[in-house]
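Heads up: the structure comes next, in structure tokens.
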Amino acid sequence: MVLKLFFPSCCSSADSGILIGRWISEQNSAVILAVVHFPFIPVQVKQYLGDVQRVTKVSVSVLGSWSNSKQEKEESLSEFLEDLGTIFCHEPWIQISKEGDSKFWSCSTLQKHSKNPQEEEIILVYYDQRKVMLSHLHPPLDTAGQRAEDASKLSAIFDTVARSQVLFMTDRYDEGPIKLTHWQSDGVEASIIVELLKQASVPACMLLTFLLSLVSGICRSRVLKFWPLSFLWSKLSTCEQLGHRLQHLQVISSNKKAQNQNQLMRKANIFVSLLMDVALGILLMSWLYRKNRIGHLADTLIPVADHVAEELQDLLQWLMGAPAGLKMNRALDQVLGRFFLYHIHLWISYIHLLSPFIEMILWYVGLSACLGLTVALCILSDIIALLTFHIYCFYVYGARLYCLKIYGLSSLWRLFRGKKWNVLRQRVDSCSYDLDQLFIGTLLFTILLFLLPTTALYYLVFTLLRLLVVIVQGLIHLLVDLIDSLPLYSLILRLCRSYRLAAGVKFRVLEQQDGKPLRLLMQINPLSYGGVVQTYRLPTYSCYPRDSWASLCKKLFLGELIYPWKHKGDKQN
Amino acid sequence: MAEERRFLSASGVPIALRRRQHSASCRELAVRGPRLQLRSLSAATSAVWLAAYGLFALSENSVVLSAAILITLIGLIVYLHFVKIDQESLLVIGSLGIQVTSSYASGKESTTFIEMGQVKDVVINEAIHMQKVIYYLCILIRDPEDPQGVSEVVPLFQSSKPRLDCLIEVYKSCQEILEQRKTAPQSS
């Protein structure tokens, strides 16, 4: 049976002493956590280990002896170390000895109670204690509801080192009965900035919670819930984004400490993402307000709206003529064309009415870009929606007309064939009509059928325009979602401290010498960038697409109104 | 102790198998493919630049030339870092697990470690690849719910695709170590 020893590389140069750690009997492996130096009193060592075991729930015990002799091997020391095996009875008692500066150590085990003493092979695995302690193994195994045998061997080792943090607090240089060597012996690491931030975060969180409660109280007030306003708030994507960010701020400023790794990473991701968003927004704002760019923007807005209206008028004139060589029904064509032209004329008049105020409105609205780049993008999307409102109206008119026509046609077609739609049974039944019903029905059917191409063409043109606007808005929302959901903190962690996010381990075979145990170096295999994004993605408030391609085409054909982007919280149709 | 033997891959290119025994229960098997040839590299580069010169002669726009240089550089970096695998190795450590490493031409190494408790067996399987039937070595991963079942198959040496004679050597070396875990009294 092969015995596996996990030895921390920081203890390679420690003075002689005894090894303490955890013995995992199912895997026949020993995880060594620290070295206790001479002189010590065995009773105190046992008491100390008992305390540690109670606090960390890790079964730490004395596993063996470690001798690091700088000169020749001392006989008396080796006898003394064997005698120690009788005081701290542990089965098997591991003895590691290192001579001088040699890389190749000799390990042996003493089995007192085994029936068949056999030479078992020993594998010595070096690991970096600090990195293993700080690392987090993915996919995470939750401790509840998983059988002990199922837990992978590696996670047991990571778990042991991570939970023994209290062991690493006392050191060989501390005054006390126990002198230990572990990763902190190289120099206790702490950062003043981190400690100061931790102290300052508590009052900052309380202040933030207070401000947020004020803001959410105002938002929930009855004044804003009247019907026109609430309808407006639900349609503007800016309000959704602001609400989403408010939720994020509430998550960050909550007083409860993060329970586990996932929650901690989530909080950190939200915080860094918010910071980056606000920084980009302020950058955008500083660029916009320099050299009076807002004024230029406002000056070009009206001519652009005029240009769009002119293009639409040209389009309608083209439709009223003989578009693409198709022959339209003249009367219906003129009616529809004139109706839409008048609509555009009204719209242009309203825009011109607003033109003196545009610059001021833009100036104040641009200030809200300091709340974040996502808010600025949402405002842009809303401005596009407002400016192309007439296209939306045309689409609705065209779609309703076409839809009406299609339903009328299908019902009259049934009449033509002598059938009827049975609403009770939800099926088509045969029906005997009177002669005058048939006559009028057929007449209407013919009229509708021959007017179909005209309506269909108007519907097609305006649907395409509407889809264009929807695509542009969709791209902007895609960008907003990307900024919202990217886990920046996790990505930066993966870049700078890749050992914190571990997908597994990798072993490297070190130099071997015959007769000595096999030497391996265990390193942490970090998670790939794709894995990091997938594991730590922040949830967003919208999910697309609402319809599959087939149902979208069906809706387009029948003339039903389409709203391609669904938001979470929308009632289903 | 290390030994190297030459074999052929499934598409006829020469490959080399190197076996090292580190200890009684630890073996490393590495299959090395041919390195990037200067011939093919210069052929590809000259083809791209000739096309760029042709386009430049037609359009008189020097952006085409700089774009061609950029494309060649970026394409070379992407090819060396993500596509060209120099060496694929298998490290079998009895009682710990099996480690599969692919080293790319740019020096990048991508490693996967599979614990011995999850490994059911290492077998040679047949597969239809494009228009050929090839043999490949794979690791069968145990299904946690079903002790007789296999939850996943991990194919090895996918880019060098050695032929059956090379695979048999690797298979024999692996099985010698895997058998040790059956003879030793196990409780895991």
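We name chains A, B, ... by the order of the sequence lines, and we start the count at 1 in each one. Only this structure's heavy atoms are used, side chains among them; waters, hydrogens and symmetry mates stay out.
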Legend entry - chain A contact via Ser25(B) - side chain, backbone, both or neither, heavy atoms under 4.5 Å: both

Inset, instruction - Tell me, out of Asn525(A), Ile123(A), Val509(A), who's got the most heavy-atom pairs with chain B below 4.5 Å. - result: Val509(A)

Legend entry - Cys174(B) versus Leu90(B), closest heavy-atom pair with distance: SG-CD2, 3.7 Å

Inset, instruction - Against chain B, label Val505(A) side chain, backbone, both or neither, depending on which of its atoms sit under 4.5 Å from a heavy atom there. - result: both

Legend entry - Segment of Lys4(A) engaging chain B (4.5 angstrom heavy-atom cut-off): side chain

Inset, instruction - Hey, can you tell me if Tyr536(A) and His138(A) have their rings parallel, tilted or perpendicular (30° and 60° cut-offs)? - result: perpendicular

Inset, instruction - Examine the side chains of Trp49(B) and Thr72(B) and answer whether a donor and an acceptor come within less than 3.5 Å of each other. - result: yes

Legend entry - Enclosure of Lys108(B) NZ (heavy-atom neighbours >12, cutoff 6.0 Å): yes

